[in-house]
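Just so it is clear, the values below take in all heavy atoms, side chains as well, and ignore hydrogens, waters and symmetry mates.
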Amino acid sequence: MKLFKKKNIIYFALSVLMFCLSTKLTLAQDRYANIENKLKSLAVEMPGLEQKVELVSVDDVTIQELIKGIAKSNSLNITIDPALNIKIASNFTNIDVIDLLMYLCKKYELDITFIGNIISISKFNPPIVLQPRPPKKKIQVIYDSLNNTLSMDLKQDTLQDVVKEITRISGKNIIFSPDIKDKPLNAYILNAPFDNGLDKLSLSNDLQLSITDDNFYFIEKKNLVSVNDGKGQNKKNTGNKNTNENDYNFDYNADNIDNISISAQNVPISDIIKALSNDLKLNYYLYSDLKGTVSMNVVNSTFDNILKYLFKATDYTYKKDSSIYLIGERQFEGLRRIKVMQLQNRSIKDILPVIPADLKKNVEIKEFPDLNSIVLSGSSPMITEIEHFIRDIDKVVPVILIEILIVDSKAGHTVSTGIKAGLGKSDVVTGGDVFPALNMNLNSQTINDLINSFNGFGILNLGHVTPQFYMSIKAMEEQNVIKLRSTPKLSTLNGHEAKLTIGKTEYYLEESNNIVGGSLSTQSIITKMYKPVKADLSVTINPTVSGDDQVTLDIKVNQSDFTGRISEQAPPGQISRDFSSLIRIKNGEMILLGGLEEANISNSGTGVPLLARIPVLKWLFSSRIQEKSKSKLNIFIKATVIY
């Protein structure tokens, strides 16, 4: 059996070795293939790579001298690492430059890289393969946040790993002395209260646990505190029974008011205060009976801090007046505190609605707008919690400057051509423009004069036109370019909406005809009324600044404008453009919010049937209008955060 296992191990080792060798060979072949492909693709721009080397016979020549000679004779850009000190003795005949370079690369383990048309040759350095680290041991710790219980199964796990895992899953801060970070811990605890479980973990591993003033758990080496009454006797206060009918133990050492150590299990709060006050000869006054028990283990703490720990999560508090400690329920007059708190960066109207209801319980809060302050009245611990909450949110609110660039451009041209003739009711006066646009009216006399100038040429005789005959000749081209540029700017607080509206109003006439009167006589009353029509540019933006100074913008842009009127008294036409977007940009960055491009081509005209469609003749027997127009609308936006 042992021989069989030994053979299996040998086979496995050989298999791993063969796998590694085949992998290395495959990677090398891939590298050589990549180099050869790059050389062949570069040969398109450098034909010298495919030229033949007629005869190369070298003996004890460095590789640098060989490659420099080949590069010079074949017009190649080749650099070689000066650190390569390889001597070659070879004889090559009628070989391509690419094959020669590939031979040198494989023979002497070289690497060829490319920078544009430059070939660089250096020693090949295989990549370093990092060995994966062994998986870290999982710390067996479970925290139940609903019941605040702790379970753990530890076997030689280091203190720093255990503390890090407990802090991560519970969210409670635990620190320890640096000199014990690598101490191995062993424990098995199931569903124990968090404080009790942590205390028993420390006790079973020769450590001790304490709680700092700011609710940090501190673990250190066990320091045996001598608990005595100053006469060399251990002091132990043992009650008979508590409200749960369980025995309790109470050990303490009170050297002075600033150095007190306590170990208590299910001890009434009143007994702890009485025992410490008697030993330290402290004066206190109780407003009401103190109910409830506590378990605690505190080392080298002050009397004031012990009172804070005792009254946590209870209805009791304390206040020190001169040398007397006033103790009782929070609502009593003597234990109430009044605090005027002024806000620096926010309005009190914004603060009061966001204060959690649990913090406002049993605390009276009134606004004082003249000083942007609030008046707090209640127990000192509750007021302190409200103060901390308000200080955390009373931060500088950034102002966002929003610059909007609206570029609206229109370009177009119109070509009007044609000849129009007819009979008028009265004589037409000859006149019009000849330059820069041709637009003339000809009466019958002018036309007859032109006809007379042609009559007499050979047999040509065109006759005359009637006196009311007229003719209009038009050949015009109009061009127009309009560019509009609007640059509104808005500023607003973070999270608040900013709105800008810019508009213009035009009026149109509306007439109404009302007939009044009886059957014998009627009267017509004409009423004229000018009614307004509005065209607006409306921009609404709601900005939100992120922690990395990026700005999220909720943008709505509405733009309307007037077009031409159908008649002088008709209302103007309107066009409207709407943009709506939710974007995220960097502080100070400008982006294109939206764009619209329109192209319009119109070709219309009137003329004599059939003749108006014949090339060349159509210009004599028709009137035509060709219009081309193009418009662009672009909206750019830029947001700048100002503190």
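There is a side-chain donor-acceptor pair under 3.5 Å between Asn147 and Asp144. Between the side chains of Asp199 and Ser202, no donor-acceptor pair of N or O atoms lies under 3.5 Å. Lys274 and Asn278 share no side-chain donor-acceptor pair at under 3.5 Å. Side-chain contact of Asn542 with Lys499: a donor-acceptor pair under 3.5 Å is absent, judged by distance alone. Side-chain atoms of Ser151 and Asn191 form a donor-acceptor pair, as typed in the model, at a separation below 3.5 Å.
Heavy atoms from other residues, nucleotides or ligands lying under 6.0 Å from NZ of Lys200 number more than 12. More than 12 heavy atoms of other residues, nucleotides or ligands lie within 6.0 Å of NZ in Lys123, so this atom counts as buried by the packing criterion. Within a 6.0 Å radius of CD1 in Ile175, other residues, nucleotides and ligands contribute more than 12 heavy atoms.
A donor-acceptor pair under 3.5 Å is formed between the side chain of Ser170 and the backbone N or O of Lys172. Lys183 places no side-chain N or O within donor-acceptor distance of the main-chain N or O of Leu207, the cut-off being under 3.5 Å.
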Handout entry: Full working for ring pair (Phe, Tyr, Trp, His ring centres under 6.0 Å) between Tyr252 and Phe250
Key = CA-CA 7 Å; Tyr252 68 91; Phe250 176 32; 5.1 Å; yes
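By the 30° and 60° cut-offs, the orientation of the rings of Tyr325 relative to Phe303 is perpendicular. In this pair, Phe194 and Tyr217 present their aromatic rings perpendicular. The plane angle is above 60°, beyond the 30 to 60° band.
Between Glu387 and Lys339 a salt bridge is recorded (basic side-chain N to carboxylate O distance below 4.0 Å). A salt bridge is defined here as a Lys NZ or Arg NE, NH1 or NH2 lying under 4.0 Å from an Asp or Glu carboxylate O, and Glu36 with Lys38 fails to meet this definition.
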